[in-house]
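Below is one structure, written out as structure tokens; the observations come after it.
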Amino acid sequence: MSHTNNSLTHRLKDGALRRDFPIFRTNSRDNGLIYLDSGASAQKPHSVLTSIQDFYDSAYANIHRGVYQLSEEATLRYEGGRERVRRFLNARRVEEIVFVRGTTEAINLLASTFGRSKVGPGDEILITHMEHHSNIVPWQMLCQSTGAHLVVVPITDDGALDLEEFERLLGPRTKLVSVAHVSNALGTINPVKEIVRLAHDKGVPVVIDGAQAVPHLPVDVQDLDCDFYVFSGHKIYGPTGIGALYGKAGHLAAMPPYQGGGDMIESVTFDKTTYAPVPARFEAGTPNIAGVVGLTAALDYVDAVGFEAIQEHGEDLLEHGTRLLEEIPGLRIVGTAARKVPVFSFVLDDIHPHDVGTFLAGANVAVRAGHHCAQPVMERFGVPATTRASLGIYNTREDLQALVDAILQLRRFFGK
Ligand code: PMP
């Protein structure tokens, strides 16, 4: 990368980071795209795209099995990526990082292995009312097959977790807690360190869904003391199809495999197979090698910008955006917790969120309209859907102004 850390930090503050992302250019000119859907998936900086191209150009082969140089090089990059993720999460050991397709696969892996070994009939799995479907359905499936129950911690009217209720519901039958670090539909930041402490006081392990947290907040799994932490590469400016699962070494070592196949075995006969040690035990088949290379470049990029600056920028956008949106008559922000990332879910008069989204698309403002894979959140707030603007490091106050201008135009269009 040609910039120093310092210059990337400055470019964030100057609103110039956008130029690092080719999607915002057409024939080398800014195309005016206002991208406010980073919560669904973030755009990719040039360095991520070139890292993947370079890898295929110069170092590509399958990993862990070649005796020739290219395979060794590819293996080095893949395993280097594991070390990169370890450092990103401040995990103690590199073996604690398992590569997966993304958050959804990570949670399914945990439900099928760790979860299955922990819960039985009558046991309880504690989640919250603000979870993404990916942190509901795998546990529900586990409950169906084991006779365990899902217990749901309620949320307050502003979209924060009800911590007192969490403590109350954490009972003698609770065998596992799984909670979002940050809610995708509301933007709420949950007090995950406190949640882990309360759960551990009762001997209950905690899974944290970090999909929406990693692009906004620094994460230190040793400090959090969580048992598992999972995230997706594509939300943190990396490629799709790659993500990571952190698990404490003791848990991973005790877990049965998830999928069977190549790379996860030690020896195979028709009578019996023995499994490889972690993390290979959980990485059956040829993995997304280029995805790991791209994820490595994404984490390098984000760390070079720096989380201090990213958080400061996010807080400024959150504050500014909240102020602007609250001034619009007939607009209600859904999710106004004290601790939030720059995500604005809103409803507008009686205009359907899909109409809002379509109108905004016509103004080159890309937002998401729908239930955001969090239908229970919609039900909690009594709305069928919301329009959601979710921001990333390339967004600026001008983008928020463009959003507001388009909403005002839309209101006029509807005669409001
Ligand atoms: N959890 C949360 C909080 C999310 O926002 C998402 C993605 N919208 C997921 C899980 C699922 O992530 P993925 O689709 O990358 O598996």
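Side-chain atoms are counted along with the backbone in the values below, which use heavy atoms only and exclude waters and symmetry mates. Note that the numbering runs from 1 along the sequence shown for the chain. In each ligand, atom 1 is the first atom listed, and ligand 1 is the first ligand listed.
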(message) Can you pull out every side-chain hydrogen bond (donor to acceptor under 3.5 Å, both in side chains) where at least one residue sits in residues 99-110? Sequence neighbours excluded, please.
(response) Thr103-Ser232, Thr104-Ser134

(request) Give the numbers and elements of all ligand 1 atoms closer than 4.0 Å to a heavy atom of Lys235. (result) 5 (O), 6 (C), 7 (C), 8 (N)

(request) Answer with side chain, backbone, both or neither: which part of Ser134 has a heavy atom less than 4.0 angstrom from an atom of ligand 1? (result) side chain

(message) Glu105 versus ligand 1: do any nitrogen or oxygen atoms come within less than 3.5 Å of each other?
(response) no

(message) Please enumerate all residues that pass side-chain hydrogen bond (donor to acceptor under 3.5 Å, both in side chains) together with Gln401, with sequence neighbours excluded.
(response) Asp405

(message) Pairing donors with acceptors under 3.5 angstrom, does anything connect the side chains of Ser38 and Tyr394?
(response) yes

(request) Provide the number and element of each atom of ligand 1 under 4.0 Å from a heavy atom of Ser232. (result) 12 (O), 13 (P), 15 (O), 16 (O)

(message) Strictly distance-based, threshold 3.5 Å: is any side-chain N or O of Glu124 a donor or acceptor partner for the main-chain N or O of Gly171?
(response) no

(request) Could you check whether the rings of Phe21 and Tyr237 sit parallel, tilted or perpendicular, using 30° and 60° as the cut-offs? (result) perpendicular

(request) Please report the shortest heavy-atom distance between Glu96 and Arg92, naming the atom on each side. (result) OE1-N, 3.2 Å

(request) Classify the ring geometry between His133 and His371 as parallel (under 30°), tilted (30 to 60°) or perpendicular (over 60°). (result) tilted

(message) Side chain or backbone, does Asp209 bring an N or O within less than 3.5 Å of an N or O on ligand 1?
(response) yes

(request) Pick one of side chain, backbone, both or neither for how His234 approaches ligand 1, counting any non-hydrogen atom pair under 4.0 Å. (result) side chain

(request) Considering only non-hydrogen protein atoms, determine which one is nearest to atom 5 (O) of ligand 1 and report residue, atom name and distance to 0.1 Å. (result) Gln212 NE2, 2.6 Å

(message) As an exercise, identify every atom of ligand 1 less than 4.0 angstrom from a heavy atom of Thr104.
(response) 11 (C), 12 (O), 13 (P), 14 (O), 16 (O)

(message) I need the nearest protein heavy-atom contact for atom 4 (C) of ligand 1: residue, atom name and distance, please.
(response) His132 CD2, 3.3 Å

